[in-house]
Amino acid sequence: MSVRVRMAPSPTGYLHVGGVRTFLFNWLFARHEGGEFRLRIENTDTSREVAEAVDQIQDSLRWLGLDWDGEVTFQLDRMDDCRRVADQLLAEGKAYEDEGAIRFRMPDGGTTGWDDVVRGRVEVPNETIEDLVLVRSDGRPTYNFASPMEDVWDGITHVIRAEDHISNTPKQINIIRAIGAALPVYAHVPNVNGADGKKLSKRHGDTGVEEFRKAGYLPDALINFLALLGWAPDGETTIMSRDELVRRFTLERVSPSPAQFDYAKLDWMNGMYLRALPPDDFAHRLILWLGEQGYAWDAELVRKAAPLVQEKIARLGEFPDYARFLFEDVEASVDGGAEVVAAARDALEELEPFTAQAIEAALRGVVEGLGLKPRQGFQPIRVAVTGSTISPGLFESIELLGRETTLRRLSVAAA
RNA sequence: GCCCCCAUCGACUAGCGGUCCAGGUCGCGGCCCUUUCAAGGCCGUAGCGCGGGUUCGAAUCCCGCUGGGGGCACCA
């Protein structure tokens, strides 16, 4: 039998990385099994719906490369079907009216249980489950009714969701049983926590997918990092391509315990991905990213500057601080060493050709001539030319900057 | 309060009774390289929450405790 899973975001806000990790596990499972992966928007709470959220969610998923099969479906479209089922349950005495709403009659004694793929057997005493509202007094079905109904109608074989749904599961199981349908397999994956050990949410700052895109993370790196939150193929492998992830993913190896989101490790991993990019590809992504972020910097110059920073940055968002001096005027800043700066200016004035190699030879001559150590000699020049104590390679930077601008900055600093 | 889930280095994890005086990765510290910052190389730091069992043998199985988390809406 073929596998079919779904991701079911509610359009109440933007997609955040905790949710993405859960969707990723669904996606990896579906692709690994050669099954289907559906996108269903759970919008039964019209009052909390945010207008652009549906588009935003799809944009984020596309950016991440989590492609879904078939058309996007909306829970609200099944309102009438839900009502029909509710009426039937009413007629059968399995539900009852309560102040205009329809409530489901939960079993009295015993327990409701299931074999969770990541947690093993889970049992809940039925007396602790209250009769839940299936249909609100205004006629709209509730999430805990519509969701399992849609799972049944769509032929969902595996419900893979985060652990905060564990307490909903026995309710949904009883509803599915009441209509005589087959139960899906359940897998409750662990939550993703913030640094405070609490479930990741808006309160933890920039956890929306769009924020990661803005910061300059690569989708593949984010996916690789997220896959390792609660899952590992073995104890050794950390960097894995999408294909490898798909090939090796199994639900059985998903851990039941929550994982903490660690930006330091993400940054390291993103740096690995950035450095592994072919230089042209790296430059291309940099140009696209700068465009998205509203920088009007010359693409050709960015292309030339890209190799100078490729192994220095962990996020594309670090590029502007490294390379701003190539595109904008810098604050005239002096870090002592007026003498070496002046000598550097003189040495570069007539230098031919004006290439990194020649520049390096010339400046090394200047520094040695003054009896300075490389570190002492080059730093004032760096500060004069780039406006910062941290920069890409000095000689390549000067070549890119060009003679005219370089001489002007050196003159200002030497004055 | 009630129900449920979880528990290996600071973090992510490997480990499914002996091959573990616990391995990998990030972080952190040191050294090397070096024009800054990175990158890279080498070395190091640090952990099985506690108490009972079971067993010849327990990080691994069972029970309790403690600690953490999630859920208890006409929200999803």
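None of these values were measured; they are calculated from a predicted model. Just so we're on the same page: letters track the sequence lines, and every chain starts at 1.
Between A/Asn126 atom CG and B/C2 atom C1' there is a gap of 15 Å when expressed in whole angstrom units. Separating the CG atom of A/Asn224 from the P atom of B/U13 is a distance of 14 Å, rounded to the nearest angstrom. Look at NZ on A/Lys312: it is 5 Å from C1' on B/A38, rounded to the nearest Å. In this structure, A/Tyr263 places its OH atom 17 Å from P of B/C28, rounding to the nearest Å. Across the protein-nucleic acid pair, A/Lys265 atom NZ and B/G10 atom P stand 15 Å apart, rounded to whole Å. Going from atom CE of A/Met240 over to atom P of B/C12 covers 16 Å, rounded to whole Å. When the P atom of B/U36 is taken as reference, atom CG of A/Leu363 falls 14 Å away, rounded to whole Å. In this structure, A/Ile390 atom CD1 and B/A38 atom P are separated by 7 Å, rounded to whole Å.
In this structure, A/Asp80 does not pair ionically with A/Arg84, as no charged nitrogen and carboxylate oxygen lie closer than 4.0 Å. Salt-bridge annotation for A/Glu352 and A/Arg403: present, with a side-chain N of the basic residue lying under 4.0 Å from a carboxylate O of the acidic one.
If you check every strand for non-hydrogen atoms under 4.0 Å, A/Ser391 touches a base. At a threshold of 4.0 angstrom between heavy atoms, the contacts of A/Phe395 include nucleobase atoms, whether or not backbone atoms are also involved. Heavy atoms of A/Arg253 sit under 4.0 angstrom from primed sugar atoms or phosphate atoms, though from no base atom. Here A/Phe261 lies out of heavy-atom contact (under 4.0 Å) with every strand. Counting any heavy atom pair closer than 4.0 Å across all strands shown, A/Pro170 reaches no nucleic acid atom. Using a 4.0 Å heavy-atom criterion, one finds that A/Gly271 contacts no nucleic acid atom at all. Within 4.0 Å of A/Leu229, counting heavy atoms only, lie sugar-phosphate atoms of the nucleic acid but no base atom.
When atom types are taken as modelled, the side chain of A/Trp289 and the backbone of A/Tyr217 share no donor-acceptor pair closer than 3.5 angstrom. Of the possible polar contacts, none joining the A/Glu396 side chain to the A/Ala356 backbone as a donor-acceptor pair under 3.5 Å is found.
For the P atom pair drawn from B/G15 and B/G24, the interatomic distance equals 15 Å after rounding to whole Å. For the C1' atoms, the distance from B/U55 to B/C2 is 38 Å, rounded to whole Å. B/C4 and B/G44 are spaced 43 Å apart, taking the C1' atom of each and rounding to whole Å. The separation of B/C63 from B/C26, taken at their P atoms, amounts to 38 Å, rounded to a whole angstrom. Straight-line distance between the P atoms of B/A38 and B/G30: roughly 13 Å, to the nearest whole Å.
Residues A/Phe395 and A/Phe378 place their aromatic rings such that the two centres sit under 6.0 Å apart.
The nucleotide B/A7 finds its pairing partner in B/U66, both defining distances of the Watson-Crick or G-U wobble pair being shorter than 3.5 Å. B/G18: Watson-Crick or G-U partner is B/C56, with both key distances under 3.5 Å. Base pairing of B/C42 is made with B/G30, judged by Watson-Crick or G-U wobble geometry with both donor-acceptor distances under 3.5 Å.
Phosphate contact (OP1/OP2 of B/A38, side-chain N/O of A/Arg275, threshold under 4.0 Å): absent. Applying the 4.0 Å criterion to OP1 and OP2 of B/U36, one finds that A/Arg375 has a side-chain N or O inside that range.
Note that CG of A/Leu401 and CG of A/Leu326 are 5.5 Å apart. Values are rounded to the nearest 0.5 Å.
Other residues, nucleotides and ligands contribute over 12 non-hydrogen atoms within 6.0 Å of the CG atom of A/Asp131.
Scanning atom types as modelled, one donor and one acceptor separated by under 3.5 angstrom connect the side chain of A/Arg382 and the base of B/U35.
Geometrically, A/Arg21 engages A/Phe25 in a cation-pi contact defined by less than 6.0 Å to the ring centre and at most 45° from the axis.
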Sequence-aligned protein contact record of nucleotides 67-76 of chain B, with B where the base is within under 4.0 Å of a protein heavy atom and S where only the sugar-phosphate is
--SSS--BBB

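Exactly one residue among A/Asn26, A/Asp151, A/Asp154 makes a side-chain contact (heavy atoms from CB on, under 4.5 Å) with A/Arg6. That residue is A/Asp151.
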